[in-house]
Asker: 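So that we are looking at the same thing, I have put the structure below in structure tokens.
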Amino acid sequence: MSLNHIRNFSIIAHIDHGKSTLADRLLEFTGAVSDREKTDQILDSMDLERERGITIKASPVCLHYRAKDGREYTLNLIDTPGHVDFTYEVSRSLAACEGALLVVDAAQGVEAQTVAHVHMALDHNLDILPIINKIDLPSAEPQRVKQEIEDVIGLDAANAILASAKEGVGTEEILEGIVRHFPPPKGDPDAPLRALIIDSWFDPYHGAVVMMRVFDGAVRKGTRIRMMFSGRSFEVTRLGVNSPVPVEVAELKAGEVGFLMAGIKEVAETRIGDTITTDERPAAASLPGFKPLKPMVFSGLYPADSGQYQALRDALEKLRLNDSSFTYEPETSLALGFGFRCGFLGLLHLDIVRERLEREFALTLITTAATVVYRITTVRGEILMIDNPVKFPSEGDIEQIEEPVIQAAIHLPQQFLGGIMALCEEKRGAQKEIRYLGPKRVLLAYELPLNEIVVDFYDRLKSVSRGYASMDYELAGYRPADLVKLDVRINGDIVDAMSMIVHRGKAYYRGRDLVQKMRELIPRQLFEVVIQAAIGSRVISRESVKPLRKNVTAKCYGGDITRKRKLLERQKEGKKRMKQVGKVEIPQEAFLAALKV
Amino acid sequence: MNAAKKPFSLYIHIPYCISKCPYCDFNSHVVPEIPEKQYTEALLRELDHYGSRDEWQNRPVQSIFFGGGTPSTFKPTSIGKILARVAATFPIDADCEITLEANPGTVDQENFFGYRDAGVNRISVGVQSFQPRLLEFLGRAHSAEEARKALEIVRQAGFDNFSLDLMYANPSQTFFELEADLDEALTFQSPHLSAYNLTFEEGTPFGHEYRSGRMKPLSEDEEVAMAELVERKLKEAGLQRYEISNYARPGFHSRHNVNYWRGGDYLGLGAGAHSYQRMKTDGVMGQRWSNEKNPGRYMALSMESGVAVVDREIIDETKALGEFLFLGLRMTEGISNDEFCARFSKSPVDFYPQITTWSDAGLMEERDGRLLFTRKGLLLANSIFVQFV
């Protein structure tokens, strides 16, 4: 059977360039959404995604479109997340497509984030159709932007479609472009089943829901499927497509995109990028590109109110059902009591998990400084993998410390080269390659320590390049490094939750910045609070928060005792976000500062 | 029925003012014509009601306090009528303290003799400052000259017990101005003086100015220095600090207010008045209630049934414990450990081990079986009180 009527595509765009609005217009035009159902930005379903303007979970939508050639087409729009922490998910979503719409804001032009994704799409041999959006803006400059697409990305922009998703201009041209420009999927419906897992999430009624792209063969209700990585088998109970509400189908075959349910109890069984085949006739080889996701950044999560420990445990368990890329295990801290050591893909992932825990489960959390996993050889020859600074051996016991490094590929316009190289040097990077991709485009390859990346590298990269540089990275093993454990002491006591591993050469600056930040964030209390940064017993920086001198209500008579008590209660409520360490109250923000300094 | 014979304090609220001060968050109202007669009737009706209740009947009154608003907006005849009805309703202690808050305006002064005849034996004069500039800033309706005159008349009328209110730490006040206010206040030799640090209360014009950033309070260091000046000067003049903002010569502390801080019973009459009654049943340690605040609605309710209560709160052990501490510790004598143990069956340190830390830091001390704040601690009372609620 021919697959000529199918097009699988995704949309690549910078935040705010109108991806979600465009997706909405496509859905409306093809009648997938009636006006009544219309809410803004249909594809982004989580609150958090909406607020941050990013899409965390890909949620493919199936559109039916009668083209001008008179034929009926099935268009599968496969959405992609948009941050470096989720590079792997993006690559799997792109692997499921044959084409991609490149949406560029007609006023703002090409932005960095898009460039990395375009390159990734080109790596997956996708056809790319540029869309110049927001042409209704008075500041729109479509000609300049076209030129930019050619110069900066090296893409032919002659066929670029001018559109305004907000006004609904160009929607039909885009749909026609998808049909004409993008190739139909290839694949053998009669070969053994091979389906790529693009995404999966947990549904309390049905277990894991797997979103997939079928490459070869077909899958039906009742088929015994097998996950090629884990080797586990399941019987398919339901198949369907989102159009955009879920609709059940009897079969999904080569070229098609849809979801399946098979009574899978844990999302961890359904790894993104894994290949689904059948028990009966397993495929000889899995689809390329699979990488099991491994947490790279670790941090302790503690309830600010120790009474919330059990609630936090339950929340982590629930969240993990949906997000198998993060891990947790119990740990204890002298300063913070009982909590969990959690592993994340990156800092943004950490932020998202933390915010979801606070928002969806009404928890108040303290996060400890993020760390990577160090490999330490002791003088006795043992090898320790350390994901928590507290477990760092004392200096005398260490023979060698190795830290994880990454291979980073940075795309940038030539004018930012100096600034970005300086940044990479500051972050202890070693240059591996510098290549001109065009007259104005440069590719920089650097080997960088991961612990420098998790702090603020990404933000700094964006600011140095005014957002035009983009980065992609992968782990490249361990390298020896001169690292020390930096402790924070409050009134003499080490706050274990704030300890961090830093390069010896940077310890002083990190210590000074952290201590200064803490001085700003710790409110004045009844006693003087002395904050120190120290390496071992050597104090490298010191600040103090002077004690409060006056906090008293002048008038308190019979009439307003209830009110005075309520005022005191309200003040006390404000203290809930503080953690008592020794006799000092430390606000949650001060712990967060340790993450960001 | 010994418990029922416990003395209590009576508070009577007169909610009217001739103008509203921008810092004041008390229940006060400016009206074109004060319905003195009707309001007095409403008070009498409420008094009759409580006089017939088991919980209050036959209990001796240890203090009476006319507060406001501005009680001196009422004529001595009205005050006399109310006091006569109190005396007809409850036994009155021979040494009952009967206070009336007065504005130092010219009209008010004329009434001072009459109040004395009506039975008032203590007057509290809301001077606030002797600096014309500050009086204007505080929106006071009287002049410095009127204040001086009023204090003269208080003495002439035969009040040997009277108090003078000062307000300090106004955003524009200088150290010299405070010194001048204190010096002048002391020339009147009042046996009692209240000195309040200006606060920016929510819902007042000052509170609004403060929150919007247009009104900047003095720095903490300045406020502390002023508080220290107040205490030092008054002490030199023989006025001992007995509460955060109150000073008196020996024997002249306000019995009525001390009753609040010691957690004694009080009955409040009038618009927005609050009452408190201790209890000891099933973990209930007491109850508080309050009247309708709006004078018009208060009068209507009271005339109908003698009851104008709109809010009631049960004080359980946790609340009682917190109140006992954050009220008692306002006084320089602090709280009695024995009394605390008798009420709550454990000592304060058993409930709050932090007390040891605060003592070590020089904020509290234990002396003669009492727990009390040091001078340094008094300035930080709220930071410690929050631990008690």
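Order of the sequence lines fixes the chain letters, A, B, ..., with proteins taken first and strands second; residue numbering starts at 1 for each chain.
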Asker: Is atom CZ of A:Arg538 surrounded by more than 12 heavy atoms (other residues, nucleotides or ligands) closer than 6.0 Å?
Answerer: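 No - once you tally the heavy atoms of other residues, nucleotides and ligands closer than 6.0 Å, there are 12 at most.
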
Asker: Which region of B:Glu323, side chain (C-beta onward) or backbone (N, CA, C, O), has a non-hydrogen atom less than 4.5 Å from a non-hydrogen atom of chain A, or is it both or neither?
Answerer: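 Only the side chain of B:Glu323 comes within 4.5 Å of chain A.
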
Asker: Check A:Arg565 against B:Ile315 and note the closest heavy-atom contact, atom names and distance.
Answerer: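 For A:Arg565 and B:Ile315, the tightest heavy-atom pair comes out as NH2-CD1, 3.6 Å.
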
Asker: What part of B:Phe388 gets closer than 4.5 Å to chain A, counting heavy atoms only: side chain, backbone, both or neither?
Answerer: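 No part of it gets close to chain A.
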
Asker: Decide if atom CZ of A:Phe338 counts as having more than 12 heavy atoms of other residues, nucleotides or ligands within a radius under 6.0 Å.
Answerer: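 It does not: A:Phe338 CZ has 12 such atoms or fewer within range.
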
Asker: Let me confirm one number: the OG1-CZ distance from A:Thr562 to B:Arg288, rounded to the nearest 0.5 Å.
Answerer: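 These two atoms lie 5.0 Å from each other.
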
Asker: How close do B:Leu380 and A:Arg549 get, heavy atom to heavy atom, and via which atoms?
Answerer: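 Reported closest heavy-atom pair: CD2-C, 3.5 Å.
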
Asker: Inspect the surroundings of NZ in B:Lys293 and state if more than 12 heavy atoms from other residues, nucleotides or ligands are less than 6.0 Å away.
Answerer: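 Not more than 12 within 6.0 Å, no.
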
Asker: How close do B:Ile384 and A:Leu526 get, counting heavy atoms only, and between which atoms?
Answerer: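 Result for this residue pair: CG1-CD1, 3.6 Å.
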
Asker: So does B:Glu220 pair up with A:Lys550, basic N to acidic O under 4.0 Å?
Answerer: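 No, B:Glu220 and A:Lys550 are not salt-bridged.
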
Asker: Determine whether more than 12 heavy atoms belonging to other residues, nucleotides or ligands lie under 6.0 Å from atom CZ of A:Arg466.
Answerer: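 No, CZ of A:Arg466 has 12 or fewer neighbouring heavy atoms, counting only those of other groups under 6.0 Å.
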
Asker: Should A:Lys564 and B:Glu201 count as an ion pair when the cut-off is N to O under 4.0 Å?
Answerer: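 Between B:Glu201 and A:Lys564 there is no salt bridge, as every charged N stays at least 4.0 Å from the carboxylate O atoms.
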
Asker: Tell me which of these, B:Phe385, B:Trp261, B:Tyr276, has more heavy-atom pairs under 4.5 Å with chain A than the rest.
Answerer: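 Most heavy-atom pairs within the cutoff with chain A belong to B:Trp261.
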
Asker: Please lay out, stage by stage, how B:Leu378 and A:Val552 fare under the test side chain to side chain contact (heavy atoms under 4.5 Å, CB included).
Answerer: CA-CA 7 Å; B:Leu378 276 180; A:Val552 59; over 6 Å; no

Asker: Between B:His13, B:Gln387, B:Arg330, B:Gln354, which has the largest tally of heavy atom pairs under 4.5 Å with chain A?
Answerer: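 Of the candidates given, the most pairs with chain A belong to B:Arg330.
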
Asker: For A:Ala554, does its backbone N or O pair with a side-chain atom of B:Ser245 as donor and acceptor, under 3.5 Å?
Answerer: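 Judged by distance alone, yes, a pair lies under 3.5 Å.
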
Asker: Please classify the contact of B:Ser290 with chain A as side chain, backbone, both or neither, using a heavy-atom distance under 4.5 Å.
Answerer: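 B:Ser290 has no heavy atom closer than 4.5 Å to chain A.
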
Asker: Considering only heavy atoms and a distance below 4.5 Å, find which of B:Asn259, B:Asp311, B:Thr357, B:Thr199 pairs most often with chain A.
Answerer: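 Answer, by heavy-atom pair count under 4.5 Å with chain A: B:Thr357.
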
Asker: Would the number of heavy atoms belonging to other residues, nucleotides or ligands and lying under 6.0 Å from OH of B:Tyr210 be above 12?
Answerer: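 No.
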
Asker: I'd like to know whether A:Ile561 forms a side chain to side chain contact (heavy atoms under 4.5 Å, CB included) with B:His274, so could you lay out the CA-CA distance, the side-chain angles of the two residues, the decisive distance to 0.1 Å, and finally the verdict.
Answerer: CA-CA 9 Å; A:Ile561 284 160; B:His274 289 65; over 6 Å; no

Asker: For chain A, which candidate among B:Phe326, B:Tyr196, B:Trp358 shows the most heavy-atom pairs at distances under 4.5 Å?
Answerer: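 It is B:Tyr196.
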
Asker: Near B:Arg278 CZ, under 6.0 Å, is it more than 12 heavy atoms from other residues, nucleotides or ligands?
Answerer: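 Counting neighbours around CZ of B:Arg278, 12 or fewer heavy atoms of other residues, nucleotides or ligands fall under 6.0 Å, so no.
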
Asker: Which one wins on heavy-atom pair count under 4.5 Å against chain A: B:Asn27, B:Asp221, B:Leu198?
Answerer: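 Answer, by heavy-atom pair count under 4.5 Å with chain A: B:Asp221.
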
Asker: Restricting to non-hydrogen atoms, name the atom on A:Thr553 and the atom on B:Asn382 that form the minimum distance, rounded to 0.1 Å.
Answerer: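 Scanning both residues, the minimum pair turns out to be OG1-ND2, 2.7 Å.
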
Asker: Using non-hydrogen atoms only, which part of A:Tyr557 is less than 4.5 Å away from chain B: side chain, backbone, both, or neither?
Answerer: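 Backbone plus side chain of A:Tyr557, per the 4.5 Å heavy-atom cut-off to chain B.
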
Asker: Which answer fits A:Glu573, side chain, backbone, both or neither, if we ask what part of it has an atom under 4.5 Å from a heavy atom of chain B?
Answerer: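 Contact with chain B is absent: no heavy atom of A:Glu573 under 4.5 Å.
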
Asker: Tell me, side chain or backbone of A:Lys555 under 4.5 Å from chain B's heavy atoms, or both, or neither?
Answerer: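 Both backbone and side chain.
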
